[in-house]
Structure formats: C-alpha cells, structure tokens
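Structure, as structure tokens:
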Amino acid sequence: MDVKDLIEDLRASLTCPICLGYFRDPVTVNCGHSFCKGCLRQCRVGAQETSACPECREDINYDRDLVSNRSLEQLSITTKMLRPHLVQALVGLSTCEKHGEKEKLFCEQDHRLFCDSCSLAPEHKDHQVLPLEKVAAKAKEKLLELLNVLKRKEECLQEAWDHAIRAEARCKKYALHSQHLLKSEYEKMHQFLREEEILQLYNRKQQLRDNMGKYERHKVKLSQDIQRVKRVLLEVEEHVEETPSEMLQGMKGTLDKSEKLLHQEPEVVSEVWAIFPITGLREILLTFFRDITLDPETAHAHLVLSEDLKSVKYTSVPQDVPNNEERFVHLLMVLGAQTFTSGRHYWEVEVGEKTEWEVGICEESISRKWKRSPFLEDVRILAGCRHQNRFFLWNSQDGYFLSSPIYKVGIFLDYERGHIAFYNAMDRFLLCSLPNKAFQKPMRPWFSPCLPDEGITPRSLIICPRSTQ
C-alpha cells in the first residue's frame with residue numbers, strides 16, 4: 001500500500017459515518033463505534049431514551065453509553081490540517097518510473113500525471129496537457145466552490161431538519177389536544193343525550209298518567225250512564241207488569257227518561273301522545289344511506305316507473321310489459337333493485353298526500369304470481385292510510401293505530417341483527433320497530449303505491465336522494 005492510500009485510510013478512520021466529515025465533538029458508544037455527538041443525537045427517535053447504533057444496530061442508551069473521545073477529536077483536527085500538506089508533498093515527490101523525471105504535467109483526457117518526456121509520446125499528441133499547478137489551482141477553485149455550495153446545502157437541510165422536529169412536536173401536541181377536545185365534546189353530547197332521554201321518558205310517563213286519568217274519568221261516566229240505563233230498564237219492566245191504568249199513568253216519566261238516555265251517544269275517548277324528536281337521530285341514520293332504485297322487471301303491469309327509476313305510481317291502463325318470472329302479477333308491487341345480505345342500510349321514501357301506501361322489505365324469493373297477500377314472515381312492511389281526515393299506520397306487530405300524517409318515511413335495516421325500523425324522516429322520530437328476527441334469505445326493498453281512492457288522481461311514491469334537510 002502506497003503512502004497516498006495510507007493517508008486516505010487515515011482520513012476514513014477519522015470520518016463520521018453519519019455526516020461523512022471529520023469528527024466534531026466525537027463520542028464512542030458501548031459497541032465501539034464513534035460518531036459526531038450532534039449527528040448521533042439527530043438519529044435519535046423523538047424523546048426515546050434508547051435507539052440503535054447506525055453502524056451495527058446495537059441498542060444505545062443516550063444517558064449512559066455516550067463517552068466523549070477527546071483523543072479522537074484531537075487526531076481528527078490534526079489530520080484535517082496536515083492532510084493537504086501531505087498530499088501536496090506526495091505530489092511534489094512523485095517521479096516518472098519510466099524516465100525518472102518529476103511528474104509536473106496533467107493529462108485531462110487520461111486524468112493522470114506524467115513528466116515532460118511522457119508528454120511527447122504519440123498517444124498524448126492530441127491530448128490537452130497542462131501544468132500540474134495550473135490544473136490543481138483550477139481544481140481547488142472548483143472544490144472550494146463546491147464546498148460552499150455543499151455548506152449552504154447542509155445549512156438548508158439542517159433548517160429543514162429543525163423544522164421537521166418542530167413540526168413533529170406540534171403534531172404530537174395538536175393530536176393530544178384534539179383528542180382531549182373530541183373526548184370533551186363527546187362527553188357533552190353523551191350528557192346531553194342522557195338528559196334528553198331522561199326528559200323524554202319522564203314526559204312519556206306523564207302522558208301515560210294523563211291518558212290513564214282520562215280513561216278513568218271516562219269509565220266513571222260510562223259506569224254512571226250504565227246505572228241510569230239499568231234504573232230506567234227496571235222502571236220499564238215494572239210498568240210492563242202493571243195494570244193498564246197504572247201503566248198509562250206512570251209511563252210518561254219513564255218514556256221521557258228513556259228518550260233522553262237514547263239520544264246520548266257514548267263519548268269516544270282516545271289517548272294523546274305528544275311527539276318528541278330525538279336529537280341527531282336522522283344524521284346518524286344518514287351515515288348508512290343507500291341509493292335505492294326500482295327494478296322494472298318486478299313492477300306490476302299497472303305501475304308506471306320514472307325514467308330514473310326513483311318513483312312509481314298507479315295507472316288504470318296496464319302497461320305492455322313481458323310476463324317474465326320476476327314480475328308481480330296480482331300484487332300491486334315493485335321491488336328495489338338492490339339486494340341485502342349483510343350490513344346496515346337506510347333509505348327514505350316520500351309518500352306525500354297519498355291516501356294509501358306500503359314500504360318496507362321482503363325476501364328476494366317471494367312469489368310474484370300468488371293472488372293472496374304474502375305471508376307475514378316473508379315481508380316486514382309499514383302501511384299508511386288516510387280515512388275521513390284521520391291518518392292510520394299498520395304493521396304486523398301493532399295492527400292499525402292512529403298517527404299524525406306522515407309525508408316522508410325512513411327505513412333502517414340491520415341485516416345481522418334481523419332488525420327493521422321505520423321513522424318519520426321529516427319530524428325525526430321513530431314510528432315503529434318490529435321485533436328482531438334473523439333474516440334467513442337475501443332481502444330487497446318493497447314498494448306499493450296501492451289503489452287510489454275513486455276520483456282521486458294517483459300520486460307517486462318517490463325514493464328520496466340523500467339530504468340533510
């Protein structure tokens with residue numbers, strides 16, 4: 001190995017493996033490797049106490065395993081100062097092995113030193129050969145320029161590093177702060193909903209007490225009316241058994257009482273339930289919103305679908321449609337195009353002022369050709385009906401019950417739970433929830449605009465787009 005290689009080996013031994021420069025404030029770790037103290041700390045991950053050695057990946061404890069190496073630092077400083085002079089001395093001492101002359105010239109094409117005699121050789125005839133001092137001065141100038149550029153680059157990267165460290169710290173601080181804020185906000189929401197639940201249950205119990213009081217008073221009045229009728233009945237029976245003269249003399253008062261009683265109609269009492277919307281209910285349901293469309297292959301011939309397959313209405317003139325296997329023949333029905341075998345789903349249907357309608361779900365395999373209504377286990381639906389300025393809802397669990405008018409119905413399906421629920425999508429409250437029963441087959445949305453009342457223009461059932469209104 002020549003002297004030049006030895007100098008380069010010495011330089012490599014005094015070079016930090018991280019920054020590739022001479023050691024500055026070097027430290028030696030427990031595995032024996034040395035690094036600039038600043039470079040090693042830049043490799044540290046956050047505020048962790050331990051990290052891995054950049055050379056051998058052995059664990060380093062930053063509080064215990066960093067030992068300052070003053071001898072290495074001094075040797076690095078000395079070598080950094082001496083190396084240019086040693087290299088220059090080597091250049092000055094080199095001689096041509098062939099001619100024994102000093103190698104004072106430099107060939108830029110071959111990138112090597114040679115003497116004056118070598119420069120006259122034919123192979124160097126067309127080469128650009130310059131004095132070594134001139135080439136070295138130009139090279140040094142380039143290196144100094146590159147050195148300045150690299151220093152600026154290092155400063156720029158160091159600024160980027162410092163910025164990344166600060167940004168990382170801000171990110172962690174923001175994450176912790178935002179987690180705290182989120183937790184605080186959800187706690188407020190939970191508290192608000194708990195208080196709302198307590199208030200709603202209290203109001204419902206109060207309504208029950210009021211309705212029970214109303215029925216008790218009604219029962220008392222009915223009991224009194226029954227007793228009055230019984231007394232008149234007894235008088236009538238007594239008059240029937242009397243002699244003609246006694247009967248004629250006493251029956252006038254009894255007839256007057258009877259006439260008064262017979263003209264009294266029993267009072268019809270119905271309970272009153274105030275509606276309390278549930279805060280955030282529809283917003284939560286909308287997270288499960290599905291874009292439902294109608295399947296024209298299933299539509300009864302008396303049903304007309306819109307071009308976008310979003311609405312259906314009855315027509316007295318049957319459509320010219322093929323009698324395919326999927327089409328309903330007797331039931332005035334159309335199914336949704338979507339099939340559900342898992343997951344949670346929500347959609348809304350505008351029923352408007354229709355006098356009668358049905359919405360819900362059914363088994364995909366439901367018979368399309370039966371004349372009778374489907375079995376209840378095959379369908380889970382909600383039906384609406386307007387009759388004499390009163391509005392009724394029907395489901396398989398509760399039968400018919402009086403309701404305030406409904407203009408938009410929300411349907412929620414949880415397939416895994418076997419759960420189906422219906423909502424007033426405009427006033428944001430639950431209409432009814434059928435008992436959970438596991439689904440055995442794929443399910444599809446069910447729609448029926450029903451037969452309109454005579455003389456009333458048929459109205460459409462409309463599947464609503466997603467809306468927060």
Side-chain angles (χ1 to χ4, degrees), residues 281-301 303-314 319 321-322 324-329 331-352 354 357-370 374-384 395-396 406 408-425 430-434 436-450 460-468:
L281 172 66
R282 186 163 178 268
E283 288 74 11
I284 294 173
L285 291 172
L286 283 173
T287 62
F288 305 104
F289 182 84
R290 296 294 176 265
D291 186 18
I292 304 297
T293 54
L294 301 172
D295 181 0
E297 298 297 317
T298 66
H300 188 279
L303 296 183
V304 178
L305 308 187
S306 61
E307 289 187 6
D308 62 359
L309 302 178
K310 288 289 189 178
S311 68
V312 54
K313 68 178 179 179
Y314 171 82
Q319 306 294 296
V321 292
N324 53 290
E325 183 179 351
E326 298 84 6
R327 191 173 307 282
F328 285 96
V329 174
L331 297 177
L332 205 62
M333 292 298 312
V334 61
L335 298 183
Q338 289 67 30
T339 301
F340 303 124
T341 57
S342 64
R344 290 176 286 182
H345 313 274
Y346 177 75
W347 63 99
E348 294 178 344
V349 182
E350 183 180 329
V351 298
K354 283 186 60 59
W357 47 263
E358 294 176 3
V359 294
I361 58 171
C362 69
E363 292 186 353
E364 183 183 32
S365 59
I366 189 171
S367 174
R368 319 297 167 87
K369 311 304 180 185
W370 286 358
F375 294 115
L376 292 179
E377 58 266 24
D378 295 335
V379 299
R380 303 189 195 182
I381 62 174
L382 179 72
N395 64 63
S396 58
I406 308 298
K408 185 188 291 185
V409 180
I411 301 101
F412 176 72
L413 165 69
D414 186 336
Y415 192 92
E416 278 72 19
R417 290 177 57 203
H419 176 72
I420 179 78
F422 300 91
Y423 299 87
N424 183 325
L430 177 68
L431 294 173
C432 69
S433 177
L434 302 183
N436 291 355
K437 183 179 178 183
F439 297 113
Q440 303 297 328
K441 299 178 181 179
M443 307 300 290
R444 293 179 67 175
W446 163 294
F447 305 90
S448 175
C450 300
S460 298
L461 281 183
I462 303 171
I463 302 173
C464 304
R466 181 186 179 115
S467 171
T468 57

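In this text the structure is predicted, and so the values were computed from the model without any measurement. When a residue number appears, it is its place in the shown sequence, counting from 1.
Between the Arg368 side chain and the Ile366 main chain, a donor and an acceptor come within less than 3.5 Å of each other. Although no hydrogens or angles enter the test, the distance criterion places no donor-acceptor pair under 3.5 Å between the side chain of Lys408 and the main chain of Glu348. A distance-only check finds a donor-acceptor pair linking the side chain of His345 to the backbone of Ser342 [under 3.5 Å]. Within the 3.5 Å criterion, the main-chain N or O of Glu297 finds a donor-acceptor partner in the side chain of Asn324. The main-chain N or O of Ala421 is never found under 3.5 Å from a side-chain atom of Arg380 such that the two would form a donor-acceptor pair.
In this structure Thr298 satisfies the side-chain hydrogen bond (donor to acceptor under 3.5 Å, both in side chains) test with no other residue, sequence neighbours excluded. Scored by the side-chain hydrogen bond (donor to acceptor under 3.5 Å, both in side chains) test, Asp295 finds Arg444 as partners (sequence neighbours excluded). In this structure, the side chain to side chain contact (heavy atoms under 4.5 Å, CB included) partners of Ile462, at least two apart in sequence or on a different chain, are Ser311, Glu350, Ser460.
Between Trp357 and Phe422, the ring centre distance reaches or exceeds 6.0 Å. Separation of the Phe412 and Phe288 ring centroids falls under the 6.0 Å cut-off.
Inter-residue side-chain proximity for Ser306 and Lys313 is flagged as unmet; no heavy-atom pair is nearer than 4.5 Å. By the 4.5 Å heavy-atom criterion applied to side chains, Leu303 and Phe328 are not counted as neighbours. Annotation: side chain of Ile292 is in contact with side chain of Phe447 (closest heavy-atom distance under 4.5 Å). At least one side-chain heavy atom of Met443 sits under 4.5 Å from a side-chain heavy atom of Glu363. When side chains are defined from C-beta on, Lys441 does not count as touching Glu364, because their heavy atoms never get closer than 4.5 Å. Inter-residue side-chain proximity for Tyr423 and Leu431 is flagged as unmet; no heavy-atom pair is nearer than 4.5 Å.
Taking both residues in full, the closest heavy atoms of Cys362 and Trp446 are given as CB-CE3, 3.5 Å, listed atom of the first, atom of the second, then distance. Of all non-hydrogen atoms in Pro296 and Arg327, the two that sit nearest each other are O-NH1, 3.1 Å. What you find for Ile463 and Leu309 is that their closest heavy atoms are CD1-O, 4.4 Å. Residues Leu461 and Ser448 approach most closely at CD1-O, 3.4 Å, considering heavy atoms. The two residues His300 and Leu331 make their nearest non-hydrogen contact at CD2-O, 3.3 Å. What you find for Leu382 and Cys432 is that their closest heavy atoms are CD1-SG, 3.7 Å.
The CD atom of Glu416 sits 12.0 Å away from the CG atom of Asn436 when rounded to the nearest 0.5 Å. Annotation: the span from Leu281 atom CG to Leu286 atom CG amounts to 9.5 Å, rounded to 0.5 Å.
Crowding of Glu325 atom CD: a count of heavy atoms from other residues, nucleotides or ligands under 6.0 Å not exceeding 12.
Residue Asp291 is tested with Gln338, Arg466, Lys310 for a side chain to side chain donor-acceptor pair (under 3.5 Å); the sole match is Lys310.
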